[in-house]
Protein chains: 4
Amino acid sequence: MINLKQSQRSAQRKDKLIDTALELFSSKGYTGTTVKDIAKKSGVTDGLIYHYFTSKEEILHAVLAKHNFLEEVRHILQFHDELPINQTLFKLGERLLELMVSKTSFVVMVFGEAQRNKMMAKRLEELISEGVIALGGYFEGRAEQGEIKDLNYQLLARHFISSLFIYFMTYGRNCNKKEHNVYLKTVIQALCDGIIKK
Amino acid sequence: MINLKQSQRSAQRKDKLIDTALELFSSKGYTGTTVKDIAKKSGVTDGLIYHYFTSKEEILHAVLAKHNFLEEVRHILQFHDELPINQTLFKLGERLLELMVSKTSFVVMVFGEAQRNKMMAKRLEELISEGVIALGGYFEGRAEQGEIKDLNYQLLARHFISSLFIYFMTYGRNCNKKEHNVYLKTVIQALCDGIIKK
Amino acid sequence: MINLKQSQRSAQRKDKLIDTALELFSSKGYTGTTVKDIAKKSGVTDGLIYHYFTSKEEILHAVLAKHNFLEEVRHILQFHDELPINQTLFKLGERLLELMVSKTSFVVMVFGEAQRNKMMAKRLEELISEGVIALGGYFEGRAEQGEIKDLNYQLLARHFISSLFIYFMTYGRNCNKKEHNVYLKTVIQALCDGIIKK
Amino acid sequence: MINLKQSQRSAQRKDKLIDTALELFSSKGYTGTTVKDIAKKSGVTDGLIYHYFTSKEEILHAVLAKHNFLEEVRHILQFHDELPINQTLFKLGERLLELMVSKTSFVVMVFGEAQRNKMMAKRLEELISEGVIALGGYFEGRAEQGEIKDLNYQLLARHFISSLFIYFMTYGRNCNKKEHNVYLKTVIQALCDGIIKK
DNA sequence: TATGAATGAGCGTTCATTCAT
DNA sequence: AATGAATGAACGCTCATTCAT
């Protein structure tokens, strides 16, 4: 029994450490965060950290493993063909923004550290690619139905996703849902109908 | 008069130091780069750095001052109204990509450091805003001529610029001009005419 | 409970560090003493110093806290009125000299550092003032009893205390008790009866 | 001619450097003063310092040589026997205080540096001893005339001089002449007549 | 499990001094 | 005589990591 309780507490503690690490990495960056920082904020002694992780780098790995929202991205990207394209895009944008908002600190960390850390860069590219491929596939499907013009769908998808991403990072991080919607509507309307008056 | 040669060599050396710093900052980040690194790679002793700069931070400032391409961005953004919108956008995109390619390491550094360093964040926002405002103004002008639809031009501009930016950062960094053009054409065609078949 | 031994050894080590620091500060001055010096002389690595103290300045504070003899001075200065004035002064002088002798290196350090370091200057002034005020009060009391002449008792007290102090600093530091007594007798006799033959 | 002018300017410059050094040493201490500081404040380049002095230490020597007021102390200490003792002591005290006031920064430096620097300590002891011996001799002379009691005149002299000195250092440094006189009168009256009411 | 003492390489920075010009 | 570029050892301090308990 004791062992069970112990191992539970142990797991909880590890979890706490990972969450604290994410928080700190997000606000101060990986390099800017001290192992001592993590220990202190988690209410744990310095040495104990190395009972749970072999190195600072491994903490980062654990953070990435726990907060990897690739699954959630994939789930969002299961497109249903019943809706008109613009509504589908709007829903997608809405959900992606929601997801990014709910994981702001994680996104910020991955983004900020990606220049320095190969693994982080790979992770970032994975996330974006996942979206790009799925959305590109959706475009292609619509094209086969004769609904959209003949274009490079992958590039188009990348354009949409990455614009959303940078909007969130540099501008929309602190905006509310209403403002997000204005952005999404503007961008999607332009994307669908073009900006040129006929 | 006496020390013309010396002061020349001194200026050259300072220049060298700035360039070396840019290189290192770009590849390892500001925090990840040691003053000793800069000294060593420049073939200079540690102490001499502080003959030219008062601190590591000042080196960063010097790097930013030397490679500040705000001026160039402004120049690129002087729109001429003779051309059709899509051609104007294409020219703009082409030049912005050219500029980013020619200053890749600088752009990467500013981008990567912006999450951590207030000054860098400001610098980045300046760069993007500059483009957003100018392009937004251009859209507005075209709208007044009845050429484009009623939309939020600032958001539209931000969409175009930031998409370009992230395309470069995550994808186009190593592409050639031809590939850039494909991207630009796709994105601009979609932006102008929409993707929906009528 | 577990680490009683460890925490004991830790406390001892901290104590050792403080004592070593006092020794070094006294002989080489605060500025002239390196943190590495303290570490080396204590048989400890550089980094460990910062496990016990947050800065070199804090080591100084710890030294001051441990060797703060203000309390002892106060105790000495509790005058008893039973004795004749000259005997009271003699006892006071004797004890103050004893105290300074037993804390020679501390006194020397405070004195030497006071010109440069505001905190040390304040500390020194505190020590002297404490004595001056107490002794001045004693003089005043005796004056009210009609035992001493009408004079500025604070200045008189300062005169006595500071003379004692500089005697110790520049001359009596290495003298024995007998020599101290000669000094005290001479000075006190002169102070009480004057040097002029009537 | 040119050489004469040059050597004049050279001498002036050296003088300027010494004075600046004194100023800086006094306010920031010897260790706290940078050779660069001296150069800058003197309007001279770093390297030139070493054309005039072989080291920082030598600058200190030069400062001491130039501002050595032993001569002046000796002059002040030429006692004349016409006056009553208390007036003689008052005149002596007055002049010594005047001298210390006029050379405040020098006195402060010597005093502050004496704990760290053997040479400075020796210099300080020289100055004090000079006064002690002269004043002790004067006392002895008066004693032979039957004017003062039988006491240890050297200790008495040390008492008077050092009290004066510490009064200046810790208290009278910023007082005006009037306040000095109050101090001197009090101390001298007590010294001459004693403080005990008969 | 858990502690926190201990390590030691490395950080940004300072500064007396040297030296080519 | 004068410059200021250049040196390099040393400074106070940080921190990921190890380890005895």
Side-chain angles (χ1 to χ4, degrees), chain A residues 2-3 6-7 9-10 13 31-39 44-59, chain B residues 1-7 9-11 13-14 31-39 43-59, chain C residues 1-7 9-11 13-14 31-39 43-59, chain D residues 2-3 6-7 9-10 13 31-39 44-59:
Chain A
I2 289 169
N3 287 347
Q6 264 186 7
S7 78
R9 246 193 32 204
S10 171
R13 222 196 272 258
T31 309
T33 300
T34 307
V35 173
K36 237 189 178 86
D37 286 344
I38 300 171
V44 146
T45 52
D46 303 9
L48 191 54
I49 297 268
Y50 288 86
H51 188 73
Y52 292 105
F53 307 98
T54 63
S55 69
K56 190 185 173 188
E57 181 92 18
E58 212 201 69
I59 303 177
Chain B
M1 294 301 124
I2 292 168
N3 295 330
L4 212 150
K5 263 191 216 161
Q6 202 183 86
S7 76
R9 250 195 29 207
S10 173
R13 205 174 291 234
K14 185 164 187 175
T31 309
T33 301
T34 316
V35 173
K36 271 187 168 77
D37 285 344
I38 302 172
V44 145
T45 51
D46 305 6
L48 189 55
I49 299 272
Y50 291 86
H51 184 70
Y52 290 107
F53 307 98
T54 60
S55 66
K56 190 185 174 188
E57 179 99 19
E58 211 199 72
I59 303 176
Chain C
M1 293 301 125
I2 294 169
N3 295 329
L4 212 151
K5 262 191 217 158
Q6 201 183 91
S7 76
R9 251 197 27 208
S10 173
R13 201 169 285 230
K14 186 163 185 175
T31 310
T33 301
T34 316
V35 173
K36 269 188 170 80
D37 285 344
I38 301 173
V44 144
T45 51
D46 305 6
L48 189 54
I49 298 273
Y50 290 88
H51 183 69
Y52 291 106
F53 308 97
T54 61
S55 66
K56 188 186 174 188
E57 180 100 19
E58 211 200 69
I59 303 177
Chain D
I2 290 169
N3 285 347
Q6 265 187 4
S7 78
R9 245 192 36 204
S10 172
R13 219 193 275 253
T31 310
T33 301
T34 307
V35 172
K36 239 188 176 85
D37 286 344
I38 301 172
V44 146
T45 51
D46 304 10
L48 191 54
I49 297 268
Y50 289 85
H51 188 74
Y52 292 105
F53 308 97
T54 62
S55 70
K56 191 185 174 188
E57 182 93 18
E58 210 199 71
I59 303 177

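Naming: A, B, ... by sequence-line order, numbering from 1 per chain.
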Under the 3.5 Å Watson-Crick or G-U criterion, the dot-bracket string of DNA chain F, with | for inter-strand pairs: .||||||||||||||||||||
Set of side-chain contact (heavy atoms from CB on, under 4.5 Å) partners for [X], sequence neighbours left out:
X: A:Y50; answer: A:V35
X: B:S10; answer: B:Y52
X: A:S55; answer: A:E57, A:E58

Could you go over nucleotides 6-9 of chain E and give all protein N or O partners under 3.5 Å, atom names and distances?
residue : atom : partner : partner atom : Å
E:dA6   : OP1  : C:R13   : NE           : 3.0
E:dA6   : OP1  : C:R13   : NH2          : 3.1
E:dA6   : OP2  : C:Y52   : OH           : 2.4
E:dT7   : OP2  : C:T45   : N            : 3.3
E:dT7   : OP2  : C:T45   : OG1          : 2.8
E:dT7   : O5'  : C:T45   : OG1          : 3.4

With C:F53, the side-chain contact (heavy atoms from CB on, under 4.5 Å) member among C:I38, C:L48, C:I59: C:I59
Which atom of B:K56 lies closest to which atom of B:T33, heavy atoms considered: NZ-O, 2.8 Å
Nearest non-hydrogen partners of A:D37 and A:G32, listed with the distance: OD2-O, 4.2 Å
Atom-to-atom span, [atom1] of [X] to [atom2] of [N] - whole angstrom:
X: A:F53; N: F:dT18; atom1: CZ; atom2: P; value: 15 Å
X: D:E57; N: E:dC15; atom1: CD; atom2: P; value: 17 Å
X: B:I59; N: E:dG12; atom1: CD1; atom2: P; value: 9 Å
X: B:K56; N: E:dT14; atom1: NZ; atom2: P; value: 15 Å

Atom pair CD1/NZ of B:I49 and B:K36 - distance to nearest 0.5 Å: 10.5 Å
Listed partners of C:K14 passing salt bridge (Lys or Arg N to Asp or Glu O under 4.0 Å), at least two apart: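 In terms of salt bridge (Lys or Arg N to Asp or Glu O under 4.0 Å), with neighbours along the sequence ignored, C:K14 is linked to no residue.
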Touch class at under 4.0 angstrom, heavy-atom based, for D:T54 against every strand present: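 Answer is nothing: D:T54 stays at 4.0 Å or more from every strand.
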Sugar-phosphate only, base, or nothing, as touched by B:T31 at under 4.0 Å among non-hydrogen atoms: nothing
Under-4.0 Å side-chain N/O to phosphate OP1/OP2 contact, B:Y50 with E:dT14: no
Nucleotide of E:dT17, E:dT13, F:dA16 approaching D:S55 most closely (side-chain heavy atoms): E:dT17
Between E:dT1 and F:dT21 - C1' atom distance, rounded Å: 12 Å
